[in-house]
Amino acid sequence: MATPSSSSPELPLKPIPGGYGFPFLGPIKDRYDYFYFQGRDEFFRSRITKYNSTVFRANMPPGPFISSDSRVVVLLDALSFPILFDTAKVEKRNILDGTYMPSLSFTGNIRTCAYLDPSETEHSVLKRLFLSFLASRHDRFIPLFRSSLSEMFVKLEDKLSEKKKIADFNSISDSMSFDYVFRLLSDGTPDSKLAAEGPGMFDLWLVFQLAPLASIGLPKIFSVFEDLVIHTIPLPFFPVKSGYRKLYEAFYSSSGSFLDEAEKQGIDREKACHNLVFLAGFNAYGGMKVLFPTLLKWVGTAGEDLHRKLAEEVRTTVKEEGGLTFSALEKMSLLKSVVYEALRIEPPVPFQYGKAKEDIVIQSHDSSFKIKKGETIFGYQPFATKDPKIFKDSEKFVGDRFVGEEGEKLLKYVYWSNERETVEPTAENKQCPGKNLVVLIGRIMVVEFFLRYDTFTVEVADLPLGPAVKFKSLTRATDMV
């Protein structure tokens, strides 16, 4: 029996529009539309217009021959999307990356926590370990990150001075993120060789797993070649095997406290370490690789008026509080709103998947739809969190959108963490265990910028994973705290 996903008034039940086309050919057609003929956003936008619905059927990449079944029900509005968080109705087993799963070779031949469904006992054991471990490192969050940021700003200013025109932010940010993640999650500091090579090793490890979901951005004349290389057969593990082994050994030798705690909870040290590397590389480093350029893209392009207001709030509060503390951060309402707005308008992880455990009735703004047991559900988060029926000027970056009582009410429609922003991660849900840490370091990044600089300008381009940000100018603060 189908169960409604919401307590909202019942809306007319309609068949889910759309379709999958002919076997084999339909998924390939949709793949070419998605990557080459239309592009990702237009792929979804055109189908919303065609079907007059934010819920429809389509094939999602990669399709043949990587995925055996590419059929999904697509959700593109803020009301239907949250069904993907309801693990009583939606299964999350082996569906992190969608309609396919990378080889277990990439994760030490085990299914890490991210691929487990909460109904599996091991999921709650591992998730509880992560949550308790992060809580035990709480006092390191701010000082470690500020230390890593200080080095990043020196490098950024040096690069801008050398080039005299423009400085790439992404590479500096990646190095800083790797340093912070390693020092936070292990008991040591990366040596100079690991610090230099670690970001690249994680990058390749991520690319070889996620390539089937992306386009390199080659000229269209090479689209067939690109499609054959990265969308037709899975990329093998062996080119990144050596790098992964080095990362694993570095964490294994430096993470005694984490591994000891894992053993106390009945988790094998090797399995715990592979999970730690996944948490560090996929969740933390991979997330920061997108988060920081995205944050500075939107703050940078927002202009001097927002910069002036942020600088005033940041410097006044830090001075009144006697330093940068958790309490000081909580008092900066514009700062908090700016970070939430960046996470809303361009969430670090745009896709969410699940498989219906039972017949489910979901609701969009104007209709109800029945999803059958076993069907795969896909949500494209940037459309759900830019739902024009929820957010005014939804396509526009509005820095103070979440300021005040009315603004805070909208936080329940911010979904970047695989849950509503108003929900906290637990061992029983699939929400990002580092949700609060991500928000915290996003805020600190902005605070540290405006403690040092009055304003800055950036140049922005698209990458397969997040934006590319280059600094054109940095104006030193005239009244540094």
Side-chain angles (χ1 to χ4, degrees), residues 1-21 26-27 29-30 33-34 38 40-61 69-92 95 98-99 344-345 347 350-395 409-416 418-423:
M1 180 178 177
T3 56
S5 65
S6 169
S7 57
S8 304
E10 286 192 19
L11 294 168
L13 185 65
K14 296 183 178 179
I16 300 173
Y20 306 116
K29 177 187 180 301
D30 281 356
D33 282 347
Y34 182 91
Q38 294 178 304
R40 186 167 67 183
D41 283 10
E42 185 56 30
F43 176 89
F44 297 119
R45 194 177 291 114
S46 65
R47 283 156 178 77
I48 290 175
T49 302
K50 179 179 180 179
Y51 302 125
N52 192 28
S53 175
T54 53
V55 177
F56 54 83
R57 298 183 183 278
N59 297 289
M60 279 302 295
D69 188 352
S70 58
R71 298 173 298 173
V72 301
V73 175
V74 181
L75 312 181
L76 299 176
D77 62 82
L79 297 192
S80 62
F81 193 94
I83 190 62
L84 288 161
F85 309 146
D86 189 345
T87 55
K89 297 175 182 175
V90 174
E91 184 181 62
K92 294 286 189 172
I95 207 163
T99 58
R344 177 199 73 86
I345 201 167
F351 313 123
Q352 297 292 345
Y353 282 89
K355 187 165 287 190
K357 291 182 175 181
E358 58 188 51
D359 287 358
I360 305 168
V361 173
I362 61 165
Q363 293 187 352
S364 65
H365 290 285
D366 46 25
S367 302
S368 295
F369 303 94
K370 183 178 179 180
I371 298 174
K372 294 181 180 179
K373 179 180 178 180
E375 289 194 291
T376 299
I377 308 169
F378 163 74
Y380 184 52
Q381 194 176 146
F383 274 41
T385 55
K386 288 187 285 189
D387 187 332
K389 294 187 178 180
I390 299 295
F391 295 104
K392 183 181 178 182
D393 296 323
S394 60
E395 298 285 340
K409 289 180 181 178
L410 293 172
L411 287 175
K412 67 181 179 180
Y413 298 111
V414 176
Y415 302 145
W416 71 270
N418 197 20
E419 246 298 357
R420 297 182 186 273
E421 188 60 34
T422 50
V423 173

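Values below: all heavy atoms of this structure, side chains included; hydrogens, waters and symmetry mates excluded. Numbers for residues simply follow the sequence, beginning at 1.
Taking the salt bridge (charged side-chain N to carboxylate O under 4.0 Å, His left out) definition, one finds that Glu419 meets it with nothing, sequence neighbours left out.
Residues Tyr415 and Pro82 approach most closely at OH-CG, 3.4 Å, considering heavy atoms. Closest approach of Pro350 and Pro382 over heavy atoms only: O-CD, 3.5 Å. For the pair Tyr413 and Ile390, the tightest heavy-atom approach, listed with the atom from each and the gap, is CD1-CG2, 3.4 Å. Gly354 and Val90 get closest at one heavy-atom pair: CA-CG1, 3.3 Å. Listed here is the closest heavy atom pair of Ser364 and Leu79: O-CD1, 3.9 Å. Shortest non-hydrogen contact noted between Arg344 and Val414 is CB-CG2, 4.4 Å.
Side-chain atoms of Lys372 never come within 3.5 Å of backbone atoms of Ala356 as a donor-acceptor pair (strictly under, hydrogens ignored). With Arg57 contributing its side chain and Gly18 its backbone, the two residues share no donor-acceptor pair below 3.5 Å.
For the atom pair CD (Gln363) and CD (Glu10), the distance works out to 7.5 Å, reported to the nearest 0.5 Å. From Lys373, atom NZ reaches atom CG of Asp359 across 8.5 Å, with rounding to the nearest 0.5 Å. Between Tyr353 atom OH and Ile95 atom CD1 the span is 8.0 Å, to the nearest 0.5 Å. Between Leu13 atom CG and Phe369 atom CZ the span is 8.5 Å, to the nearest 0.5 Å. Atom CG of Leu75 is separated from atom CG of Leu84 by 5.5 Å, given to the nearest 0.5 angstrom. To the nearest 0.5 Å, the span separating CZ on Arg45 from OH on Tyr380 amounts to 8.5 Å.
Two residues are said to be in side-chain contact when any heavy atoms from C-beta on lie closer than 4.5 Å; Lys370 and Ile360 fail this criterion. Contact annotation: the side chain of Phe378 never approaches that of Thr99 to less than 4.5 Å [non-hydrogen atoms, C-beta and beyond]. Counting heavy atoms from C-beta on, the side chains of Trp416 and Thr385 never come closer than 4.5 Å.
Note on Glu395 versus Lys386: salt bridge recorded, some NZ/NE/NH1/NH2 to OD/OE distance being below 4.0 Å. A salt bridge is absent between Asp69 and Lys355: the closest approach of a Lys/Arg side-chain nitrogen to an acidic carboxylate oxygen does not fall below 4.0 angstrom.
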Check: Asp366 and Lys389: side chain to side chain contact (heavy atoms under 4.5 Å, CB included), yes or no, with the steps?
Finding: CA-CA 11 Å; Asp366 46 25; Lys389 294 187 178 180; 4.2 Å; yes

Next item on the list: Could you give me the CA-CA distance, side-chain angles and deciding distance for Arg71 and Asn59, then say whether side chain to side chain contact (heavy atoms under 4.5 Å, CB included) is met?
Entry: CA-CA 5 Å; Arg71 298 173 298 173; Asn59 297 289; 3.8 Å; yes

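Ring orientation note: the planes of Tyr34 and Phe43 are nearly perpendicular, at an angle over 60° on the 30°/60° scale.
When ring centroids are compared, Phe81 and Phe383 stay outside the 6.0 Å threshold.
Remark: Arg47 CZ is packed, more than 12 non-hydrogen atoms of other residues, nucleotides or ligands lying under 6.0 Å away. Residue Asn52 places its CG atom among 12 or fewer non-hydrogen atoms of other residues, nucleotides or ligands, all under 6.0 Å distant.
The only option from Asp387, Thr54, Asp77 that meets the side chain to side chain donor-acceptor pair (under 3.5 Å) definition with His365 turns out to be Asp387.
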